[in-house]
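To start, the structure itself, in structure tokens.
Atom set for the values below is all heavy atoms of this structure, side chains included, hydrogens, waters and symmetry mates excluded.
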Amino acid sequence: MVERSGTQLWASGRPFIIHGFNTYWLMSFAADQATRPRVTAAIAEAAEAGLNVCRTWAFSDGGYRALQTVPFHYDEDVFQALDFVVSEAKRHNMRLILSLCNNWEDYGGKAQYVRWGKEAGLDLTSEDDFFFDPTIKSYYKAFVEAWIEEMASYVKSIDLVHLLEIGIEGFYGLSTPELLPVNPDEYSGHAGTDFIRNHQAPRIDLASIHVYSDTWLPHSIKENHLQFVDKWMQQHIHDAANLLGMPIVVGEFGVSVKDGKFGNEFREDFMKTVYRIFLSSWKEGVIGGGCLLWQLFPEGAEHMDDGYAVIFAKSPSTLSLLANHLRCLEC
């Protein structure tokens, strides 16, 4: 297992750096024999490119091919699909980060839990009741056998082996008002998360952030995006190392090329910036952890593209960039 020692990650007695990617739909594809080969292709092609960690969804609440069909009831076939994902990852020496919940409407997330509560007669007024209503929290507790202190403690009570992260964007909150200007906008400081306070909760092993300047700064010029990425990452690396004393994981970062505002050249400049900042901090001994690109696909899964997908066979320059980052990590 990967273990944490201070601000660094270790595995098999050696420093371990996450050079990873997101492919969120693996469990869903594995549940259907027609699409299961895409699961193998995604993991195998990423492993061949030198990537060592895949972050994917281990939840699906309500709807088609749901893991949790209604509260406390699960589809064994979908659990077996998740087993297949884990097995294929092991076969290709790929480690996994499994997300237990998300805000994504298509995969249920907090919206589905609140719908279930309303159907059960609960007086709920917003999706944020997911974080506070005791019945809704009991639904989620049953699923993971997290709000942040209570759920982290619960997860660790049944699994002391694996590392645990929150998976938030990294917005600074009211516990550090002097850092609110680091956020991309004023709203972010009141979005319900607080990077420092949330990560000071017991049982959290890794500091986590996302980097999506294309959506956070939609009207900025390209140069401003890269300047923001530099400031955003440097501040979080500093705080993770010096205030929190833990590694940092850039759990999602990417650029959408869907609307034509940004092209592949800028996306690769963006990726280089993220990798350069993390690599510099790691080589200076400041922090460990790593970065996971959102997201990598094999051919045949293009219909799942949200604009951020890098298709292996169609992106030779991006694969070359990933290989170069690997070489830098190994040298």
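- Aromatic pair Tyr172/His236: centroids less than 6.0 angstrom apart.
- With a 6.0 Å radius and a threshold of 12 heavy atoms from other residues, nucleotides or ligands, Glu265 has its CD atom at or below the threshold.
- A tilted orientation is assigned to the rings of Tyr113 and Tyr139, their planes being inclined by 30° to 60°.
- Heavy atoms from other residues, nucleotides or ligands lying under 6.0 Å from CD of Glu48 number 12 at most.
- Using the six-membered ring where Trp is involved, Phe297 and Trp25 have ring planes that are perpendicular, over 60° apart on the 30 and 60° scheme.
- Phe132 has its ring centre no less than 6.0 Å from the ring centre of Trp147.
- Formation of a donor-acceptor pair under 3.5 Å by the Ser153 side chain with backbone atoms of Glu149 is not found in this model.
- Taking 4.5 Å as the limit, some side-chain heavy atom of His199 sits within range of a side-chain heavy atom of Ser208.
- Looking at Ile277 and Trp232, their side chains never come closer than 4.5 Å, going by heavy atoms from C-beta outward.
- Other residues, nucleotides and ligands place no more than 12 heavy atoms under 6.0 Å from the CG atom of Asp123.
- Counting heavy atoms from C-beta on, the side chains of Gln227 and Asn224 come closer than 4.5 Å.
- Not a single donor-acceptor pair under 3.5 Å links the side chain of Thr7 to the backbone N or O of Ile287.
- Electrostatic pairing of Lys156 and Asp205 counts as a salt bridge here, judged by a charged N lying under 4.0 Å from a carboxylate O.
- Hydrophobic clustering (ILVMFWY, side-chain heavy atoms < 4.5 Å, transitive): Leu244 and Val249 are in distinct clusters.
- Between Val78 and Ala66, the closest heavy-atom pair is CG2-O, 3.5 Å.
- Two residues are said to be in side-chain contact when any heavy atoms from C-beta on lie closer than 4.5 Å; Leu226 and Phe266 meet this criterion.
- Note that the CZ atom of Phe21 and the SG atom of Cys291 stand 14.5 Å from one another [nearest 0.5 Å].
- Between Trp216 and Phe171, the distance from one ring center to the other falls under 6.0 angstrom.
- Rounded to the nearest 0.5 angstrom, Leu82 CG and Phe59 CZ are separated by 12.0 Å.
- Remark: the backbone N or O of Glu299 is paired with a side-chain donor or acceptor of Arg38 at under 3.5 angstrom.
- To the nearest 0.5 Å, the span separating CG on Leu293 from OH on Tyr275 amounts to 5.5 Å.
- Side-chain contact check for Val85 versus Leu98: every heavy-atom pair is 4.5 Å or farther apart.
- In terms of modelled atom types and a separation under 3.5 Å, the side chain of Ser280 and the main chain of Arg276 share no donor-acceptor contact.
- Atom CG of residue Asp77 and atom CG of residue Leu67 lie 11.0 Å apart, to the nearest 0.5 angstrom.
- Side-chain heavy atoms closer than 4.5 Å link hydrophobic residues (I, L, V, M, F, W, Y) into clusters, and following such links, possibly through other members, connects Val39 to Tyr24.
- No side-chain donor-acceptor contact under 3.5 Å links Gln68 to the backbone of Asp61.
- With hydrogens and angles ignored, the 3.5 Å screen pairs a side-chain donor or acceptor of Asn242 with a backbone N or O of His238.
- What you find for Ala111 and Glu127 is that their closest heavy atoms are CB-OE2, 3.4 Å.
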Determine whether Tyr212 and Tyr308 satisfy the following criterion, ring pair (Phe, Tyr, Trp, His ring centres under 6.0 Å), listing intermediate values before the conclusion.
CA-CA 10 Å; Tyr212 285 119; Tyr308 290 84; 5.4 Å; yes
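- For Arg267 (side chain) and Val255 (main-chain N/O), a donor-acceptor pair under 3.5 Å exists by modelled atom type.
- Between the side chains of Asp129 and Ser126, no donor N or O sits under 3.5 Å from an acceptor N or O.
- A salt bridge links Glu88 to Arg91: one of the charged nitrogens lies within less than 4.0 Å of a carboxylate oxygen.
- Under the 4.5 Å side-chain heavy-atom criterion for grouping Ile, Leu, Val, Met, Phe, Trp and Tyr, Leu279 is connected to Val286 within one hydrophobic cluster.
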Decide yes or no on side chain to side chain contact (heavy atoms under 4.5 Å, CB included) for Arg203 and Val155, but give the supporting numbers first.
CA-CA 9 Å; Arg203 307 290 191 164; Val155 170; over 6 Å; no
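- Ion pair Asp75/Arg65 not flagged as a salt bridge, since none of the NZ, NE, NH1 or NH2 atoms sits closer than 4.0 Å to an Asp/Glu carboxylate oxygen.
- By the 6.0 Å contact criterion, NZ on Lys283 is enclosed, its count of non-hydrogen atoms from other residues, nucleotides or ligands being greater than 12.
- Nearest approach of Ser60 to Met27, heavy atoms of both residues: CB-CE, 4.0 Å.
- In terms of heavy atoms, Arg55 sits closest to Leu292 at CB-CD2, 3.9 Å.
- Arg95 places none of its side-chain heavy atoms less than 4.5 Å from the side chain of Asn52.
- Judged by distance alone, with hydrogens and angles left aside, the side-chain atoms of Arg4 form a donor-acceptor pair with the main-chain N or O of Gly6 at under 3.5 Å.
- The number of heavy-atom neighbours closer than 6.0 Å to CD of Glu186, taken from other residues, nucleotides and ligands shown, is 12 or below.
- Atoms SG and CD, on Cys101 and Gln112 in that order, are 11.0 Å from each other to the nearest 0.5 Å.
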For Ser281 and Phe278: C-alpha separation, side-chain torsions, deciding distance, then whether side chain to side chain contact (heavy atoms under 4.5 Å, CB included) applies.
CA-CA 5 Å; Ser281 297; Phe278 174 79; 5.6 Å; no
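- Within the model, atoms OG of Ser99 and CD of Glu252 stand 7.5 Å from one another, a figure rounded to the nearest 0.5 Å.
- Cluster membership for Ile97 and Ile168, using ILVMFWY side-chain heavy atoms within less than 4.5 angstrom, is not shared.
- Looking at heavy atoms from C-beta onward, Met304 lies out of side-chain contact with Thr23 at the 4.5 angstrom threshold.
- For CG of Asn93, the number of neighbouring non-hydrogen atoms (other residues, nucleotides, ligands) closer than 6.0 Å is 12 at most.
- Other residues, nucleotides and ligands contribute over 12 non-hydrogen atoms within 6.0 Å of the CZ atom of Phe72.
- A 6.0 Å sphere centred on CD of Glu3 holds no more than 12 heavy atoms belonging to other residues, nucleotides or ligands.
- Summarising the geometry of Phe262 relative to Asp214, their closest heavy-atom pair is CE1-CB, 3.6 Å, with the distance given to 0.1 Å.
- Between Asp239 and Leu179, the closest heavy-atom pair is OD2-CD1, 3.5 Å.
- Hydrophobic cluster membership differs between Val2 and Leu164, with clusters built from Ile, Leu, Val, Met, Phe, Trp and Tyr side chains linked at under 4.5 angstrom.
- Panel note: side chain Asp133, backbone Thr135; a donor-acceptor pair is recorded below 3.5 Å.
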List the steps, then state whether side chain to side chain contact (heavy atoms under 4.5 Å, CB included) holds for Phe195 with Asn183.
CA-CA 11 Å; Phe195 177 72; Asn183 291 335; over 6 Å; no
Kindly determine whether Asn198 and Ile204 satisfy side chain to side chain contact (heavy atoms under 4.5 Å, CB included), including the steps that lead there.
CA-CA 9 Å; Asn198 293 157; Ile204 301 300; over 6 Å; no
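- Between Leu174 and His190, some side-chain heavy-atom pair lies under the 4.5 Å cut-off.
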